[in-house]
Q: 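I'd like to ask some things about the structure below.
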Amino acid sequence: MSKGNSTKITDELYQYMLDHNPPLDSVQRGLVARTYASFPDVAGMQSAEEQGPLLAFLVRLTGARHIVEVGTFTGFSALSMAQALPADGRIIACDVSEEWTAYGRQAWEEAGVADRIELRIAPALETLRAMPAEPHIDMAYVDADKESQISYWEELVPRLRPGGLIVTDNTLYHGTVLDESATGSAAGVRAFNDHVAADPRMDSVLLAISDGLTLSRKR
């Protein structure tokens, strides 16, 4: 097996990458700072800084107008996607925490995109199952509890339009996907990765971006 380019991502090289990507704007950067200041123990749940510009790029690339986000936390990813949407685009953002998402609501207002984001505080499976059954979703971003990822996938795929995109975060899960005896979230991610790779409805690639990012396009 050859793994090709083995460039080590040092802190300096990571900063170089950020410097050559679209920069975060003042609202995005302020939200990132408030998240780390207010929730230092769980701030790692926030999507990595480089994923904000990437998600915005994917929204524009797919021409998405109807996006579903499963797992919103403090709203950085929803903010990044909403800023890339056309004026008539909408995001349904699913989360169970009023406390965390209050930070997102504030940032969305500051950025002038609050009207593009509908936050639904409820278990995400309930929200997904209440959506129309026909294909209508252009893009979905999944970054929530790992043991439910297959269930989210099975609700999203039938509702995704042909050519639509599902982006799933943390699919390397800190390297624990290599552990065949993994339990809990790590086991959930392992099972999800196998499920996605075997799904004939979708074309998928797992990329070593941040903690692993899987892009899946409906055939």
Side-chain angles (χ1 to χ4, degrees), residues 1-4 44-48 50-64 66-73 76-78 80-81 91-96 123-219:
M1 179 190 69
S2 172
K3 67 175 182 178
M45 293 197 304
Q46 183 172 253
S47 297
E50 65 270 25
Q51 288 176 233
L54 175 59
L55 288 169
F57 180 86
L58 292 173
V59 171
R60 297 186 181 104
L61 183 67
T62 59
H66 187 181
I67 298 173
V68 175
E69 178 177 72
V70 180
T72 296
F73 189 40
F76 172 70
S77 51
S80 300
M81 291 187 290
I91 298 173
I92 294 176
C94 308
D95 208 281
V96 294
L125 281 175
E126 292 181 9
T127 299
L128 296 176
R129 288 168 179 164
M131 292 180 181
E134 67 271 8
H136 65 284
I137 298 170
D138 298 314
M139 179 173 161
Y141 181 52
V142 181
D143 186 13
D145 58 305
K146 308 312 174 188
E147 293 175 66
S148 299
Q149 284 190 142
I150 292 177
S151 297
Y152 298 144
W153 177 267
E154 288 302 324
E155 295 300 329
L156 286 167
V157 170
R159 294 172 168 84
L160 192 70
R161 65 161 172 83
L165 186 67
I166 298 177
V167 183
T168 309
D169 200 14
N170 303 116
T171 48
L172 293 178
Y173 208 65
H174 318 298
T176 58
V177 289
L178 296 176
D179 184 359
E180 295 181 358
S181 62
T183 59
S185 295
V189 175
R190 278 177 57 89
F192 174 78
N193 289 340
D194 290 343
H195 186 81
V196 168
D199 193 328
R201 300 168 295 180
M202 306 287 285
D203 294 313
S204 298
V205 291
L206 196 167
L207 304 172
I209 296 173
S210 188
D211 189 30
L213 198 70
T214 296
L215 307 184
S216 306
R217 180 183 181 274
K218 190 170 184 180
R219 293 176 176 173

Q: Side-chain atoms of residues 177-186: list all donor-acceptor pairs with protein atoms under 3.5 Å, sequence neighbours left out, distances to 0.1 Å.
A:
{"from": "Asp179", "atom 1": "OD1", "to": "Ser181", "atom 2": "N", "distance (Å)": "2.9"}
{"from": "Asp179", "atom 1": "OD1", "to": "Ser181", "atom 2": "OG", "distance (Å)": "2.7"}

Q: Determine the sole option in Asp169, Val167, Asn170 for which the side-chain contact (heavy atoms from CB on, under 4.5 Å) test with Ser47 is passed.
A: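 Exactly one pass, corresponding to Asp169.
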
Q: Kindly assign one of parallel, tilted or perpendicular to the pair Trp153 and Phe192, based on the angle between their ring planes and the thresholds 30° and 60°.
A: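 Taking Phe192 first and then Trp153, their aromatic rings stand perpendicular (interplane angle over 60°).
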
Q: Grab the two heavy atoms, one from Ile91 and one from Ala78, that are nearest each other, plus how far apart they are.
A: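 Looking at all heavy atoms of both residues, the closest pair is CD1-O, 3.5 Å.
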
Q: Please say which of Arg190, Gln149, Glu154 ends up in a side-chain hydrogen bond (donor to acceptor under 3.5 Å, both in side chains) with His195.
A: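 The single option meeting the side-chain hydrogen bond (donor to acceptor under 3.5 Å, both in side chains) with His195 is Glu154.
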
Q: Considering all heavy atoms of both residues, which atom of Lys146 and which atom of Asp143 are nearest to each other, and what is their separation?
A: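 Residues Lys146 and Asp143, closest heavy atoms: NZ-OD1, 3.3 Å.
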
Q: Closer than 3.5 angstrom, by distance alone: can the side chain of Asp95 be matched with the main-chain N or O of Phe73 as a donor-acceptor pair?
A: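 It does hold such a pair.
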
Q: Give a yes or no answer on whether the side chain of Asp199 reaches the backbone of Arg201 with a donor-acceptor pair at less than 3.5 Å.
A: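 Yes.
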
Q: Are any side-chain N or O atoms of Arg219 and backbone N or O atoms of Pro200, one a donor and one an acceptor, separated by less than 3.5 Å?
A: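 Here the side-chain-to-backbone pair exists.
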
Q: Do Ile92 and Met131 come close enough that some side-chain heavy atom pair is under 4.5 Å?
A: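 Touching, per the 4.5 Å side-chain cut-off.
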
Q: Indicate yes or no: at least one non-hydrogen side-chain atom of Val196 is less than 4.5 angstrom from one of Ile166.
A: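 No, too far: nothing below the 4.5 Å cut-off.
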
Q: Check whether any side-chain N or O of Asp138 sits under 3.5 Å from a backbone N or O of Ile67 as a donor-acceptor pair, and report yes or no.
A: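 Checked: no pair found.
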
Q: With a 4.5 Å cut-off on side-chain heavy atoms, are Ser210 and Glu50 touching?
A: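 Side-chain contact under 4.5 Å: yes.
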
